Amino acid sequence: MGSNYLGYSEFLEEVRGKRIKTATIAEGQGGTEISATTTDDRKIRTTATYLDRGLVGDLIANDVKFDVKPREEGSLLMTLLVSWGPMLLLIGVWVYFMRQMQGGGKGGAFSFGKSKARMLDESTNPVTFADVAGCDEAKEEVKEVVDFLKDPAKFQKLGGRIPRGLLLVGPPGTGKTLLAKGIAGEAKVPFFSISGSDFVEMFVGVGAARVRDMFDNAKKNAPCIIFIDEIDAVGRQRGAGLGGGNDEREQTLNQMLVEMDGFETNVGVIVVAATNRPDILDAALLRPGRFDRQVYVTLPDIRGREQILNVHMRKVPLGQDVNASVIARGTPGMSGADLANLCNEAALMAARRNARVVEMQDFEKAKDKILMGPERKSMVMPEEERRNTAYHESGHALLGKMLPKCDPVHKVTIIPRGRALGVTMSLPAQDRYSYDREYMLSQISMLFGGRIAEEVFMHQMTTGASNDFERATALARDMVTRYMA
């Protein structure tokens with residue numbers, strides 16, 4: 001217990017021997033603690049279970065100066081912390097995991113019924129119709145919504161009612177989300193953005209609560225736009241699953257139907273949704289009064305692709321030889337997202353060769369990489385396989401040149417690209433929207449050209465034509481079962 005600690009009896013002997021000069025007596029619930037200084041200035045201490053009243057007389061009798069004070073005990077807060085600390089720690093860990101599981105985030109442990117919609121206003125949403133290209137018809141369809149948000153009286157004085165819901169339908173990457181942002185940017189109104197999957201939770205009723213909260217917030221900021229991306233995640237046809245009427249997704253959909261067109265109509269709140277699967281949406285969601293206008297955002301044509309390229313090329317330093325119309329002509333079937341990726345890949349190609357501007361050769365290399373896959377120049381191939389690949393691709397190119405209905409051959413390479421040992425790429429001279437029987441038979445003939453060249457010139461058959469057979473079989477099956485050609 002330390003070299004300066006004495007037993008109580010020893011301390012009394014020191015007092016009676018007049019070897020103690022001063023003493024301090026501290027008494028408390030845990031007993032009495034005595035600290036003393038000897039005549040030779042040593043510090044000693046001792047303890048007793050209770051205060052010995054006779055000790056005071058001994059101290060006085062032996063000329064010891066002493067003081068009596070309460071003993072310092074631990075504070076009540078410290079006592080509670082020590083005793084309840086483990087329990088509080090367990091509660092804190094439980095609350096933390098509940099927040100993570102339920103997506104409480106900033107709103108607290110039990111705020112999972114709050115909407116996760118993010119609000120963008122005029123200062124945080126710089127997108128306008130000038131940034132949306134390649135879908136002129138879709139922009140014309142939604143301009144009425146913009147005009148209504150700017151001047152509602154113009155329509156209301158004639159008894160007109162603006163559509164409460166716009167459903168943007170189209171393949172992935174065609175710019176549906178960008179078009180919705182453009183509507184809000186042009187109208188200069190608040191824009192609430194949320195994904196359809198943000199409504200779905202493991203607890204029944206949470207999604208419906210989030211729908212109510214989202215529309216309540218929107219009504220406070222009316223006129224405004226609510227944009228729901230990928231609405232097919234929550235708007236699927238009811239009764240198709242095994243969950244019955246108490247399914248969480250169906251409860252969420254029911255609440256959305258009521259909010260869009262129920263007893264209380266949300267005036268000034270326009271719902272814009274996007275999906276690439278309109279066929280699986282519930283019929284009640286598409287009826288007039290809810291999503292009563294469907295806007296088709298299709299893949300851009302050659303003129304639309306040129307406009308989209310011009311939008312994305314504004315952010316890139318271009319060389320003198322870059323021609324957007326030539327690039328648009330060589331990228332049929334590409335969506336707006338594909339064209340944005342093309343511009344980005346071209347910029348990366350130029351950066352690799354330390355160029356100061358992006359030139360036409362960079363766009364050509366980027367287009368080849370996207371359409372045919374990256375080059376694999378380091379791949380080691382035996383001479384016989386390379387010769388076989390050359391004859392194989394020559395067979396495709398020869399038939400593509402000779403058959404009148406085939407698309408013109410754009411590029412042939414025997415350098416391995418992606419998963420192919422060689423590639424013959426054909427591009428249509430103009431955008432096609434329908435195909436006749438002769439064209440499809442010519443495509444099948446061109447696909448068989450590679451195997452025929454192997455048999456004629458190499459006197460063998462290899463597995464390199466397996467993909468050609470798959471594509472030719474799929475096209476022939478579609479001709480019989482779908483096109484009746």
Side-chain angles (χ1 to χ4, degrees), residues 1-121 123-124 194 197-198 200-207 209-210 213 216-217 220:
M1 298 183 68
S3 59
N4 63 342
Y5 182 81
L6 298 178
Y8 187 65
S9 60
E10 294 175 325
F11 176 73
L12 289 177
E13 291 179 1
E14 293 291 325
V15 172
R16 291 164 184 163
K18 298 187 182 294
R19 291 187 291 274
I20 301 298
K21 183 168 56 175
T22 60
T24 301
I25 303 172
E27 58 176 335
Q29 295 180 355
T32 301
E33 182 175 338
I34 304 171
S35 301
T37 304
T38 62
T39 54
D40 54 355
D41 292 329
R42 283 189 306 113
K43 302 290 185 181
I44 62 174
R45 63 186 183 87
T46 187
T47 57
T49 56
Y50 58 92
L51 180 59
D52 183 5
R53 300 304 175 185
L55 175 63
V56 177
D58 290 339
L59 294 175
I60 295 174
N62 292 283
D63 299 328
V64 177
K65 295 181 180 179
F66 66 92
D67 186 18
V68 179
K69 63 180 183 178
R71 184 174 178 178
E72 293 184 0
E73 302 287 347
S75 65
L76 180 61
L77 180 61
M78 184 62 68
T79 303
L80 291 175
L81 186 61
V82 171
S83 59
W84 289 91
M87 183 62 70
L88 294 174
L89 180 62
L90 289 175
I91 294 175
V93 171
W94 178 80
V95 169
Y96 171 77
F97 280 107
M98 287 293 291
R99 288 168 63 96
Q100 297 300 314
M101 290 173 57
Q102 298 160 355
K106 300 177 182 178
F110 299 100
S111 65
F112 49 86
K114 297 292 184 181
S115 171
K116 293 185 178 182
R118 297 169 295 278
M119 190 181 83
L120 302 176
D121 54 18
S123 61
T124 55
I194 193 170
S197 60
D198 286 337
V200 182
E201 276 288 352
M202 63 181 293
F203 302 110
V204 176
V206 173
R210 288 179 176 172
D213 186 66
D216 288 341
N217 291 335
K220 296 175 184 176

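In this text the structure is predicted, and so the values were computed from the model without any measurement. Computed from heavy atoms alone, side chains included, the values below leave out hydrogens, waters and symmetry copies. In this chain, residues are counted from 1 in sequence order.
Atom CD1 of I25 is separated from atom OG1 of T46 by 11.5 Å, given to the nearest 0.5 angstrom. If you take CZ on R42 and OG1 on T37, they are separated by 10.5 Å, rounding to the nearest 0.5 Å. To the nearest 0.5 angstrom, I34 atom CD1 is 7.5 Å from L12 atom CG.
Shortest non-hydrogen contact noted between E13 and R19 is O-NH2, 3.6 Å. Summarising the geometry of I20 relative to T39, their closest heavy-atom pair is N-CG2, 4.2 Å, with the distance given to 0.1 Å.
More than 12 heavy atoms of other shown residues, nucleotides or ligands fall within 6.0 angstrom of atom NZ in K18.
In this view, K21 and D41 satisfy the salt bridge (charged side-chain N to carboxylate O under 4.0 Å, His left out) rule, not counting sequence neighbours.
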